[in-house]
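On a predicted model such as this, the values are computed, not experimentally measured, just so you know. All values below were derived from every heavy atom in this structure, side-chain atoms included, with hydrogens, water molecules and symmetry-related copies excluded.
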Amino acid sequence: MKTCQRILIPFTHGHSGSALLRRAGEIAGSQEVELLVVSVLDTRSSFDSDGPAGSLPGERAARLAPPEQKRLENDLKRHGLNQANATVIWGEPRSALSVLIRSWCPDLVLCDGRTRRLLPARSDREGPALMTIGRDGAFARLAGFFLPPAQEHA
């Protein structure tokens, strides 16, 4: 495998998130890499703001970002990834990650089945390499049956 300089990890909390961080620790331990772990707060909402006193989705995400940043940093420390950078972004997940990928230019995106669906679609083969970590649990296999992995994502 090519020596990666920059690895992007779209992160969700839970069992598969821990597997991603363990794999990132294995990769980072064997090479000199720059890790960026990103948590995406989805601001899409099916509910309209309830009048002038209602909060906009971006305002809600701005309130949720600091605790999410703290939680993400704690997860990184727990997995021994003190050298990794953690950030929280918000917006529509695919467009927010697309902007981040274009601006940060990672060599590899490390994801699982759940976070792979958050990644932007691409029309060509240019862009970062994609490494998907599989989940082998019964519920993951069942979810894979009902929600097959999306094609042509990066």
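No option in Leu72, Leu97, Val88 other than Leu97 meets the side chain to side chain contact (heavy atoms under 4.5 Å, CB included) test with Val38. Partner of Leu110 under the side chain to side chain contact (heavy atoms under 4.5 Å, CB included) criterion, out of Ile7, Leu130, Thr132, Leu8: Ile7 alone.
To the nearest 0.5 angstrom, Glu68 atom CD is 10.5 Å from Thr87 atom OG1. Atoms CG and CD, on Asn85 and Glu73 in that order, are 10.0 Å from each other to the nearest 0.5 Å. The distance from atom CG of Asn74 to atom NE2 of His79, rounded to the nearest 0.5 Å, is 12.0 Å. Distance check: Lys77 NZ to Leu21 CG gives 14.0 Å after rounding to the nearest 0.5 Å. Interatomic distance, Leu118 CG to Thr115 OG1, rounded to the nearest 0.5 Å: 6.5 Å. The distance from atom CH2 of Trp104 to atom CD of Glu34, rounded to the nearest 0.5 Å, is 5.0 Å.
By the salt bridge (charged side-chain N to carboxylate O under 4.0 Å, His left out) test, Glu92 is found to be paired with Arg44, residues two or more places apart in sequence or in another chain being considered.
Across all non-hydrogen atoms, the minimal contact from Pro128 to Pro106 is CB-O, 3.2 Å. Between Leu119 and Pro10 the shortest heavy-atom distance is CD2-CG, 3.9 Å. In terms of heavy atoms, Asp42 sits closest to Pro93 at OD1-CD, 3.4 Å. Between Ala65 and Trp90, the shortest heavy-atom contact is CB-CZ3, 3.5 Å. Summarising the geometry of Ala28 relative to Leu35, their closest heavy-atom pair is CB-CD1, 3.8 Å, with the distance given to 0.1 Å. Taking each heavy atom of Cys111 and Arg116 in turn, the nearest pair found is SG-CB, 3.8 Å.
Under 4.0 Å is where a charged nitrogen must lie from a carboxylate oxygen, and between Glu26 and Arg23 at least one such pair does.
No donor-acceptor pair under 3.5 Å is formed between the side chain of Arg22 and the backbone N or O of Gly17. Remark: side-chain polar atoms of Asp107 are paired, donor with acceptor, to backbone N or O of Arg6 under 3.5 angstrom.
By the 4.5 Å heavy-atom criterion applied to side chains, Val99 and Arg102 are counted as neighbours.
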